[in-house]
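Structure first, then comments.
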Amino acid sequence: MPDPAVGPAVSLLRRIAIALGALFASAVIVYLGRDGYVDSNNPGPLTFIDALYYATVSLSTTGYGDITPATQSTRLVITPLRLLFLIVLVGTTVELLTERSRQAFRTQRWRSRVRDHTIVVGYGTKGRAAVDALLGDGTEPSEIVVVDVDRAQLDAASALGLVTVTGNATRSSVLRIAGVQRAAALVVAANRDDTAVLVTLTARELAPKVNIVVAVRESENVHLLRQSGASSVIVSAETAGRLLGVATTTPNVVEVIEDLLTPEAGFAISERPVEEAEVGGSPRHLPDIVLGVVRDSKLYRVDAAAVDALERGDRLLYVRKASLPEDD
């Protein structure tokens, strides 16, 4: 689960500083009021070392009894400082002992409530871009689970409020912790194609109905992932290569494609159900720019004869207008 804004190390250092401050303040107060204390081993006035020693054994409730407050005022001064020191000491001990239990409880509560979330395996360049797209499309951070073996990557994901799971996603136990059985989608952004195949096989076995989207480097591995159960396969290297080739001759086309793939501003490709008033009409005659029609889980291009007349239950892939950035 996402860590609190203040880490345990910072919290511990703060408590140590408070405890040392209380101890030093006690020693100074005792030294200033040294005439009100009696040392059974040394009848002379208290030194600062004696005051520091008394403050230490008194605040820690050890109390050897060799130095005692002899007046009401000295007893009244040391009591609240002793309480403050005990509160800091006991609070730190309890927090350190119960942190793991509280984290386990939060994790168990999250696992019992989470439904239809998205799991992102690998938080490298591709994984980060996928998460940014999900967040830009309105997905809540608590609905995204990042699985990775790199602690630094997971800390970066946790800083965004994402739920993180440490482990190898090729292991079924790790995917179970991430809740793949109840997830709506699984994004596999592994650095190696063979790892992506193993993750896909494991996830499909655990969750037969989950939507698995996989990124691969080589196109020759696409059929392996399809056979492993991937719903969609994106060849990252070839896609980037095509955009590079297009950009050399028609850079404006690449700019439009990037705009469509960015949900926060400009135009974006989205999906919506067919409205009742649109049933029976042609998708090419709608006010929206329709790119395709999804019918019975199959995608048809907008000019396909099978979708000349829209039916109830169809879904439209269309270009929607997102929030436009302000002009400079």
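One-based numbering along the sequence shown. Because the structure is a prediction, the values reported are computed rather than measured.
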- request: Answer yes when Asp314 and Arg295 have at least one side-chain N-carboxylate O distance shorter than 4.0 Å, and no when they do not.
  value: yes
Closest non-hydrogen atoms of Gly280 and Ala309, given as atom of the first, atom of the second and distance, are O-CB, 3.9 Å
- Query: What do you reckon, is CD of Glu271 surrounded by more than 12 foreign heavy atoms closer than 6.0 Å?
  - Reply: yes
The reported gap from CG in Leu135 to CD in Glu143 (rounded to nearest 0.5 angstrom) is 10.0 Å
The reported gap from OG1 in Thr200 to CG in Leu225 (rounded to nearest 0.5 angstrom) is 5.0 Å
Can you tell if the side chain of Ile212 reaches within under 4.5 Å of the side chain of Val210, non-hydrogen atoms only?
yes
Evaluate side-chain contact (heavy atoms from CB on, under 4.5 Å) for Tyr123 paired with Leu162, printing each intermediate quantity in order.
CA-CA 11 Å; Tyr123 200 62; Leu162 310 178; 4.2 Å; yes
When rounded to the nearest 0.5 Å, the distance separating OG1 of Thr170 from CG of Leu201 is 11.0 Å
Interatomic distance, CG@Asp148 vs OG1@Thr164, rounded to 0.5 Å, equals 10.0 Å
Closest non-hydrogen atoms of Ala190 and Ala196, given as atom of the first, atom of the second and distance, are CB-N, 4.2 Å
Answer yes or no: are there more than 12 heavy-atom neighbours, outside Asp194 itself, under 6.0 Å from its atom CG? yes
### Stepwise side-chain hydrogen bond (donor to acceptor under 3.5 Å, both in side chains) check, Ser172 with Arg176
CA-CA 6 Å; Ser172 58; Arg176 287 194 181 96; 3.3 Å; yes
CG (Leu224) and CD (Glu218) are apart, to the nearest 0.5 Å, by 12.0 Å
Full working for salt bridge (charged side-chain N to carboxylate O under 4.0 Å, His left out) between Asp155 and Arg151: CA-CA 6 Å; Asp155 289 341; Arg151 186 69 256 176; 3.2 Å; yes
Review point. Is the side chain of Ser282 donor-acceptor paired with the backbone N or O of Arg284 at a distance under 3.5 Å, no angle test?
Key: yes
Closest non-hydrogen atoms of Ala215 and Lys126, given as atom of the first, atom of the second and distance, are CB-CD, 4.1 Å
| query | Would His117 and Thr139 satisfy side-chain contact (heavy atoms from CB on, under 4.5 Å), going step by step from the backbone distance to the final call? | reply | CA-CA 9 Å; His117 57 293; Thr139 303; over 6 Å; no
Quiz prompt | Under 3.5 Å donor-acceptor, Asp296 side chain and Lys298 backbone | solution = no
| task | Taking atom CD of Gln181 as the centre, report whether more than 12 heavy atoms of other residues, nucleotides or ligands fall under 6.0 Å from it. | result | yes
Taking every heavy atom of Glu278 against every heavy atom of Leu316, the minimum-distance pair comes out as OE1-CD1, 3.9 Å
### Query
Is there side-chain contact between Val180 and Val145, with at least one heavy-atom pair below 4.5 Å?
no
For Val146 and Ala157, the nearest pair of non-hydrogen atoms, with its separation, is CG2-CB, 4.0 Å
dist Asp132:CG -> Leu160:CG (nearest 0.5 Å) comes out at 7.5 Å
Exercise. Carefully, step by step, assess Val131 and Ile144 under the rule side-chain contact (heavy atoms from CB on, under 4.5 Å).
Key: CA-CA 8 Å; Val131 169; Ile144 302 175; 4.3 Å; yes
Give a yes or no on this: more than 12 heavy atoms of other residues, nucleotides or ligands lie within 6.0 Å of atom CZ of Arg312. no
Is the closest side-chain heavy-atom distance between Val293 and Val302 below 4.5 Å?
no
Is a side-chain N or O of Arg226 found less than 3.5 angstrom from the main chain of Ser231, in a donor-acceptor match? yes
When every non-hydrogen atom of Val147 is compared with those of Ala169, the smallest separation belongs to CG1-CB, 4.0 Å
Open item on the list: Less than 4.5 Å apart, side chain to side chain, heavy atoms only: is that true for Leu154 and Thr166?
Closed with: yes
Practice task
Verify the neighbour count for atom CZ of Arg301: are there more than 12 heavy atoms of other residues, nucleotides or ligands below 6.0 Å?
Solution key: no
| query | Quick one: is the NZ or CZ of Arg272 closer than 6.0 Å to the six-membered ring centre of Tyr318, and within 45° of its axis? | reply | yes
Non-hydrogen side-chain atoms of Val222 and Val216 separated by less than 4.5 Å: yes
